[in-house]
Amino acid sequence: MTLCTKEAEKGYGRKKALQGVTFDIEPGNIYALLGPNGSGKTTWMKMAAGLLHPSAGGVLWENHPVCWKDRAEIAFLPTEDYLYGWMSVNEVGKYYQDFFADFSMDRYQALLRQMELDGNQKVRTLSTGMRAKCKVAVTMARAAKVYLLDEPFNGIDLLARDSILQVILASSDPENAIVISSHLVEEIESAVNRAIFFRNGLMAADLDIEELRTREGKSLADKYRELMQ
């Protein structure tokens, strides 16, 4: 199954958040979605998750425009802190279990143990890093076809980032695709095999990481600097 973006545009009044963006997200890959703030990354992710409607073009899933029903197969982790503070970490899992048929409570509990989270702890008492881990655990406990992770490492320390990255990598398989938007270009380079660059609402490049290294002799960070200058 391929998530196809075809000439997608999104405008807010006179401002174009996305302009004629076209690319495919294919299973078996982990993608980095890169670009400065305001480049269109979050807008695209929300469109791909069925939360925003394009002004023109669109994002297709199984040959139809993404709609709310496709959330059964497309998992989205937003940057916003959407967890309810009164819930315990275990109750967050039960909440997801009620909404998503592909959610595995056993996997969620295993991920909590792996990331050293106490299931009885209230969300409101979690540190920023612990909240980030909880969000990733509950998202990756689904058996989705596409995972859209919007800045999952935002505002957390190195060890928490390492823990989250390990979970993401372990969740990748030939039947799914993972898209990670991040400003931490150098830290995610070893985890991804493709990179899509956004700049000013336009797609600046769609690259295979190994080809970038062998043909151009450049790292992902080198290419980012080149494209964003």
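Because the structure is predicted, anything quoted here is derived from the model rather than measured. Count residues from 1 along the sequence.
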For residues R199 and L227, determine if any side-chain heavy atom of one lies less than 4.5 Å from a side-chain heavy atom of the other. no

For S163, check side chain to side chain contact (heavy atoms under 4.5 Å, CB included) against everything at least two apart and list the hits. M115, K133

Take atom NZ in K122; do more than 12 heavy atoms of anything else shown fall under 6.0 Å from it? yes

Restricting to side chain to side chain contact (heavy atoms under 4.5 Å, CB included), what partner residues turn up for P54, sequence neighbours left out? M47

With heavy-atom distances below 4.5 Å as the criterion, would you say the side chains of M130 and S127 are in contact? yes

Give me the atom names and distance for the closest heavy-atom approach of L3 to A48. CD2-CB, 3.9 Å

Rounded distance (nearest 0.5 Å) linking atom CZ of R194 with atom CD1 of I178: 15.5 Å

Euclidean distance, Y31 OH relative to L148 CG, rounded to 0.5 Å: 11.5 Å

Are V179 and F197 connected, step by step, through hydrophobic side chains (Ile, Leu, Val, Met, Phe, Trp, Tyr) whose heavy atoms are closer than 4.5 Å? no

Flag side-chain contact, heavy atom, 4.5 Å: I25 against I196: yes

Between H183 and N37, is there a side-chain donor-acceptor contact under 3.5 Å, judged purely by atom types and distance? yes

F103/M105 under side-chain contact (heavy atoms from CB on, under 4.5 Å): CA gap, chis, key distance, verdict: CA-CA 6 Å; F103 182 83; M105 185 60 76; 4.1 Å; yes

Going by atom types only, do Q109 and N90 share a side-chain donor-acceptor pair under 3.5 Å? yes

For A75, give me all partners under side chain to side chain contact (heavy atoms under 4.5 Å, CB included), at least two apart in sequence or on another chain. T139, R142, A144, Y147

K41 side chain to E151 main-chain N or O, any donor-acceptor pair under 3.5 Å? no

Count I, L, V, M, F, W, Y as connected when their side-chain heavy atoms are under 4.5 Å apart, and connections chain through other members. Are L158 and I180 then in the same cluster? no

Indicate, with yes or no, if V123 and W86 share a hydrophobic cluster defined by side-chain heavy-atom contacts under 4.5 Å among Ile, Leu, Val, Met, Phe, Trp and Tyr. yes

Would you say the side chain of R161 lies within less than 4.5 Å of the side chain of D157, judging by non-hydrogen atoms? no

Which residue is it: N154, D150, T79? I am looking for the one with a side-chain hydrogen bond (donor to acceptor under 3.5 Å, both in side chains) to S181. D150

Please say whether the positively charged group of K10, taken as NZ for Lys or CZ for Arg, lies over the ring of Y12, i.e. under 6.0 angstrom from the six-membered ring centre and within 45 degrees of the axis. yes

Show, in sequence, the C-alpha distance, side-chain angles and deciding distance for E186 and R225, and conclude whether the salt bridge (charged side-chain N to carboxylate O under 4.0 Å, His left out) test is met. CA-CA 11 Å; E186 293 174 334; R225 294 185 183 98; 3.5 Å; yes

Close side-chain approach of M45 and L33, heavy atoms under 4.5 Å: yes

Look at K46 together with E80 and state whether they make a salt bridge at an N to O cut-off of under 4.0 Å. yes

Taken to the nearest 0.5 Å, the spacing of L212 CG from L207 CG works out to 6.0 Å

Kindly say whether L220 contributes a backbone atom to a donor-acceptor pair with the side chain of E189 at under 3.5 angstrom? yes

Ignoring hydrogens and geometry, is there a side-chain-to-backbone donor-acceptor pair from S172 to L169 under 3.5 Å? no

First locate atom CD of E91, then atom OH of Y84, and finally report the distance between them rounded to the nearest 0.5 Å. 13.0 Å

Using 30° and 60° as the class boundaries, would you call the ring planes of W44 and F23 parallel, tilted or perpendicular? tilted

Counting distance only, does the side-chain N/O of D173 pair as donor-acceptor with the main-chain N or O of E175 below 3.5 Å? yes

For a side-chain contact (heavy atoms from CB on, under 4.5 Å) check, start with the C-alpha distance between K223 and E216, then their side-chain angles and the critical distance, and finish with the verdict. CA-CA 9 Å; K223 195 65 178 179; E216 298 188 38; 3.1 Å; yes

Using side-chain contact (heavy atoms from CB on, under 4.5 Å), reason through R213 and S219 one step at a time and then give a plain yes or no. CA-CA 6 Å; R213 296 190 188 106; S219 69; over 6 Å; no

Could you check whether any side-chain heavy atom of S171 comes within less than 4.5 Å of a side-chain heavy atom of M140, counting everything from C-beta outward? yes

Any chance you could measure D81, atom CG, to K135, atom NZ, to the nearest 0.5 Å? 6.0 Å

Would you name the heavy atoms of A132 and P152 that are closest together and state the gap between them? CB-O, 4.1 Å

Linking I/L/V/M/F/W/Y whenever their side-chain heavy atoms sit closer than 4.5 Å, directly or via other members, would F76 and Y96 fall into one cluster? no

Do D24 side-chain atoms and E26 backbone N/O form a donor-acceptor pair below 3.5 Å? no

Can you check whether L184's main-chain N or O pairs, donor with acceptor, with S182's side chain at less than 3.5 Å? yes

Check whether any side-chain heavy atom of Y108 lies under 4.5 Å from a side-chain heavy atom of V89, and answer yes or no. yes

Which atom of G93 lies closest to which atom of V138, heavy atoms considered: CA-CG2, 4.3 Å

What pair of heavy atoms forms the shortest contact from Q114 to V167, and how long is it? NE2-CG2, 3.6 Å

With hydrophobic residues grouped by side-chain heavy-atom distances under 4.5 Å, do L18 and W61 end up in a single group? yes

Are any of the side-chain nitrogens in E211 or K218 under 4.0 Å away from the carboxylate oxygens of its partner? no

Test side-chain contact (heavy atoms from CB on, under 4.5 Å) applied to I168 and L149, step by step: CA-CA 10 Å; I168 294 171; L149 312 178; 3.6 Å; yes

Side-chain touch L34/I188, heavy atoms, less than 4.5 angstrom: yes

Mind checking the CD1-CG spacing from I74 to N176? Nearest 0.5 Å is all I need. 12.5 Å

Heavy-atom closest pair, residues G119 and L112: CA-CD1, 4.4 Å

Would you say that more than 12 heavy atoms from the other residues, nucleotides or ligands in this model lie under 6.0 Å from the CG of D98, or not? yes

For a quick test of reading the model, state the closest non-hydrogen atom pair linking A195 to I209 and the distance between them. CB-CD1, 3.7 Å

